[in-house]
Amino acid sequence: MVISDKVYTPDEFLAYQAEHDERLLELRYGRIAEKVTSEKHGYIVINIGSALKIWLRQSDLTGFYSTEVSVKIDDENIRRPDVSFRFTDGDVSEATTLSEMPAFLVEVVSPSNSLSDLREKARFYIEHGAKLVWVVYPAKQIVDVYTAGGDVDVFTAEDTLSGGDVLPTFEMTVKALFEI
């Protein structure tokens, strides 16, 4: 939900965000947008994050998963994916905004999203370096999976999601995303 028609630079946005730290804000093409979530949205995000935590402990890969981390993508966009994973041999970042695109991103439909908005976000992430993006639709219990090769696949409650080449051996059933 865009909250201002004014066009902001990333620095202006970060100053605005600092003054309104109780709100989940993004910079989308220079305009400030607020993310509105719900408890249901949160438990889906935590289900995915929990699965990533277990997978990472069992993997020989190194990196960090997060929720709602700000990612500065270009001079018009600072986005906050619901879940992200970035590969790194370094320490966990304490910066308020990452400057590199995570490899894996998840967006969960919330009251502030439209279908076209989420599709745009997924494509935008892929175009700017993400390798794998999941868009989760709780009401329909489906997941759209976008890959760097340009493919988009739809998974239903009976299907198993895979991290593919991006997150080797990471798997999660679609049904598990929605389990309480």
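- Residues satisfying the side chain to side chain contact (heavy atoms under 4.5 Å, CB included) criterion with N47, sequence neighbours excluded, are Y43, M172.
- Nearest heavy-atom pair, E107 versus P81, reported as atom, atom and distance to 0.1 Å: OE2-CA, 3.2 Å.
- Applying the ring-ring contact (aromatic ring centres under 6.0 Å, His included) criterion to F155, with sequence neighbours excluded, gives no partner residue.
- In this structure, R119 has no side chain to side chain donor-acceptor pair (under 3.5 Å) partners at least two apart in sequence or on a different chain.
- The closest donor-acceptor contact from the side chain of N113 to the backbone of S110 lies under 3.5 Å.
- Residues that satisfy the side chain to side chain donor-acceptor pair (under 3.5 Å) test with E171, not counting sequence neighbours, are absent from this structure.
- With D82 contributing its side chain and V108 its backbone, the two residues share a donor-acceptor pair below 3.5 Å.
- For R86, the side chain to side chain donor-acceptor pair (under 3.5 Å) test picks out no residue, with sequence neighbours left out.
- The side-chain heavy atoms of H20 and E34, taken from C-beta on, include no pair separated by under 4.5 Å.
- Here CD of E127 is found 8.5 Å from CZ of R123. Values are rounded to the nearest 0.5 Å.
- Applying the side chain to side chain contact (heavy atoms under 4.5 Å, CB included) criterion to E120, with sequence neighbours excluded, gives Y29, R79, D117, F124.
- Between the K35 side chain and the R80 main chain, a donor and an acceptor come within less than 3.5 Å of each other.
- Considering OH of Y125 and NE2 of H128, their distance stands at 11.5 Å, rounded to 0.5 Å.
- Side-chain N or O atoms of D159 include one that pairs as donor or acceptor with a backbone N or O of T156 at under 3.5 Å.
- Annotation: side chain of V106 is in contact with side chain of V136 (closest heavy-atom distance under 4.5 Å).
- Taking hydrophobic clusters as Ile, Leu, Val, Met, Phe, Trp and Tyr residues chained together by side-chain heavy-atom distances below 4.5 Å, V109 shares a cluster with V152.
- Side-chain contact check for S66 versus V83: every heavy-atom pair is 4.5 Å or farther apart.
- D21 contributes atom CG, which lies 10.0 Å from atom CD of E19 (distance to the nearest 0.5 angstrom).
- Linking Ile, Leu, Val, Met, Phe, Trp and Tyr residues whenever their side-chain heavy atoms come within less than 4.5 Å leaves V69 and I44 in two separate clusters.
- To the nearest 0.5 Å, the span separating CD1 on I126 from NZ on K121 amounts to 14.5 Å.
- Distance CG/L61 to CG/L167: 8.0 Å, rounded to 0.5 Å.
- L56 meets the side chain to side chain contact (heavy atoms under 4.5 Å, CB included) test with Y65, F85; sequence neighbours excluded.
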Let me have the donor-acceptor pairs involving side chains of residues 87-105, under 3.5 Å, with sequence neighbours excluded, atom names and distances please.
| unit_1 | atom_1 | unit_2 | atom_2 | d |
| --- | --- | --- | --- | --- |
| T88 | OG1 | G90 | N | 2.9 |
| D89 | OD1 | T62 | OG1 | 2.7 |
| S93 | OG | A95 | N | 3.1 |

For residues 141-150, tabulate all N or O donor-acceptor pairs below 3.5 Å that involve a side-chain atom, not counting sequence neighbours.
| unit_1 | atom_1 | unit_2 | atom_2 | d |
| --- | --- | --- | --- | --- |
| D144 | OD2 | Y137 | OH | 3.1 |

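- Residue I32 belongs to a hydrophobic cluster whose other members are I3, Y8, F13, L14, Y16, L25, L27, I78, with links defined by side-chain heavy atoms closer than 4.5 Å.
- No continuous path of ILVMFWY side-chain contacts below 4.5 Å connects F178 to V135, so the two sit in separate hydrophobic clusters.
- Residues I46 and I48 are not in side-chain contact: their nearest non-hydrogen atoms beyond the backbone lie 4.5 Å or more apart.
- Here T160 pairs with nothing under the side chain to side chain donor-acceptor pair (under 3.5 Å) rule; sequence neighbours left out.
- Applying the under-4.5 Å side-chain rule to Ile, Leu, Val, Met, Phe, Trp and Tyr, the cluster around L24 consists of that residue alone.
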